[in-house]
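Keep in mind that the numbers below use all heavy atoms, side chains included, and drop hydrogens, waters and symmetry copies. Within every chain, numbering begins at 1; the chains are lettered A, B, ... in the order of the sequence lines, protein sequences first and strands thereafter.
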2 protein chains.
Amino acid sequence: MSLRHALLGLLADRPQTGYDLSKRFEQSLSRYAWHASHSHIYPELKKMTADGLVEVVGEGARGSKTYGITERGTAELREWMFTRKDTPVRSEYILRLFLLSALDTGDMRTLIGDVVADGEAGVAELSQVIERIETDARPGEKPPFARLAAEFGLRWHRLQRDWARWAIDELDKVEHQRTTDKNARRTRRRG
Amino acid sequence: MSLRHALLGLLADRPQTGYDLSKRFEQSLSRYAWHASHSHIYPELKKMTADGLVEVVGEGARGSKTYGITERGTAELREWMFTRKDTPVRSEYILRLFLLSALDTGDMRTLIGDVVADGEAGVAELSQVIERIETDARPGEKPPFARLAAEFGLRWHRLQRDWARWAIDELDKVEHQRTTDKNARRTRRRG
DNA sequence: TTCATCATGTAATGAGTTACATGATTTG
DNA sequence: CAAATCATGTAACTCATTACATGATGAA
């Protein structure tokens, strides 16, 4: 039940509405860590209220409700953060990389090429994000935690890009090896 | 519906029983890309048979059924591999890293320290795996695709480790900054 | 003969997505 | 006043996990 803990984590920062939380998933979490849509978030917040992990701390226009984390919620979050239960990862993106061998060499190269391009784009994007964070940051202020996540994203995209480049090199090597062998055999036969 | 494609990808390599497939998830896929348990796999294989994506190519002892991928299955797999539908990633592990700011500085350091240790252990393990693959590989044979996945794993664990080390350095910097500021203020007041 | 592993399944429950549905407020 | 955005919710469906359940085969 990670949605619950993701919500607690976001609310630990500051009280927010379901709508706010939904946005924050879209903006950062859903790309690298966890996704949730509003239709899942709203009911969960209700359940969490019933369980005493969060509470409505204010109501605003358009029937909006601002939720805040409770003491119990904070305790529950901390407990979860330190409880290592090796949970399954899901990433279709990586799954594809693990299934590459199902493709023929041409398709494989095309797909890995796409990974290089994706990685490149990601690196460019995150570099900008980081630059923005750093110019906005004022010295002496509380450490910008968004910087940590952004750095993670940057390194992740670099990994993608560099691994894919390496993979193409490997395929080249193997193919070159084969060509060389074939020529060697041919020469031997001829000579 | 990625389980379906994961199964197709594994069967593209060679025909296997549900049991075999279950093992392969446990061994490599579930750690980096996708998890599935047997109770999910067996019914899915049945559905896939009904849909003509796989077929029973042999029956063995203990009522075991060996499944093979069909032509339609191969086509479906290829189609899926090239169809980029940005799918949501789920990783509790990374989620925790994104929610770090919910912890106090002490807890934060402890948790990041754990990440360093995990990364270190992963690097050691994958290095061994790679060594084994490379000594087993015989030149001229078909390229060892497991090597690509293992390299990905290695780089992933390195990323974890190095990011975590960097993060601790950042926290140190911020804290040092604060101490310096505090001393400066104190000195100013005194002088 | 006992234990580990092979081998497959179902049922109940929980988690998550997509589609449906509504309406207020702000900005241009 | 129109469009975008804010804001919340429910219902039907699919996907996935946990628990339950059984039995064969091979190795020690």
Notebook entry, point to check: Nearest to the side chain of B/R90 - D/dC6, C/dT8, C/dT17?
Noted result: C/dT17
Item checked: Separation of atom CD in A/E26 from atom P in D/dA7, rounded to whole Å -> 14 Å
Note to self: Assess whether a salt bridge exists between B/R155 and B/E151, defined as any Lys/Arg side-chain N lying under 4.0 Å from an Asp/Glu carboxylate O.
What the structure shows: yes
Check: What integer distance in Å separates A/L3:CG from D/dA16:P?
Finding: 17 Å
Check: Should A/R72 and A/E76 be marked as a side-chain contact (heavy atoms from CB on, under 4.5 Å) after you check the CA-CA gap, both sets of side-chain angles, and the distance that decides it?
Finding: CA-CA 6 Å; A/R72 266 192 67 192; A/E76 168 65 31; over 6 Å; no
Next item on the list: Please state how far atom CD in A/E44 lies from atom P in C/dT17, giving the value in whole angstrom units.
Entry: 13 Å
Item checked: Out of C/dA15, D/dT8, D/dC15, whichever nucleotide has its closest atom nearest the side chain of A/K65 -> D/dT8
Next item on the list: Determine, for A/W80 and B/R96, whether the Lys NZ or Arg CZ falls below 6.0 Å from the six-membered ring centre while staying within 45 degrees of the axis.
Entry: yes
Next item on the list: Among C/dT18, D/dC6, D/dT17, find the nucleotide with the atom closest to the side chain of A/S37.
Entry: C/dT18
Notebook entry, point to check: Which residue lies toward the 5' end of DNA chain C, B/T66 or A/W34, if each is placed at its nearest nucleotide?
Noted result: B/T66
Next item on the list: Figure out the NE2/C1' separation between B/H40 and C/dA15, and round it to whole Å.
Entry: 12 Å
Notebook entry, point to check: Which sits closer to the 5' end of DNA chain D, A/S39 or A/S64, going by the nucleotide each is nearest to?
Noted result: A/S64
Next item on the list: Kindly compute the distance separating CD (B/E120) from CG (B/D162), expressed to the nearest 0.5 Å.
Entry: 9.0 Å
Next item on the list: Check the distance between D/dC15's P and A/L95's CG and give it to me in whole angstrom.
Entry: 15 Å
Next item on the list: Measure from the side-chain heavy atoms of B/A61 and tell me the nearest of D/dT25, D/dA7, C/dT10.
Entry: D/dT25
Notebook entry, point to check: If you find the nucleotide of DNA chain C closest to A/H35 and the one closest to B/K23, which residue's nucleotide is nearer the 5' end?
Noted result: B/K23
Item checked: Any B/Y42 side-chain nitrogen or oxygen under 4.0 Å from OP1 or OP2 of C/dG9 -> no
Notebook entry, point to check: For B/R62 and D/dG26, is the shortest distance between a side-chain N/O and OP1 or OP2 below 4.0 Å?
Noted result: no
Notebook entry, point to check: Among D/dG9, D/dC15, C/dG16, which nucleotide sits nearest the side chain of B/M1?
Noted result: D/dC15
Item checked: Distance in angstrom units between B/H38 NE2 and D/dT17 P, rounded -> 12 Å
Next item on the list: Determine the contact category for B/K47: base if any of its heavy atoms lies under 4.0 Å from a base atom, sugar-phosphate if only primed atoms, P, OP1 or OP2 are that close, otherwise nothing.
Entry: nothing
Check: Is the shortest distance from a Lys or Arg side-chain nitrogen in A/E134 or A/R147 to a carboxylate oxygen in the other one below 4.0 Å?
Finding: yes
Check: Whole-Å distance between D/dT10 P and A/L45 CG?
Finding: 12 Å
Next item on the list: Take the protein atom CD of A/Q27 and the nucleotide atom C1' of D/dT5, then report the distance between them rounded to whole Å.
Entry: 14 Å
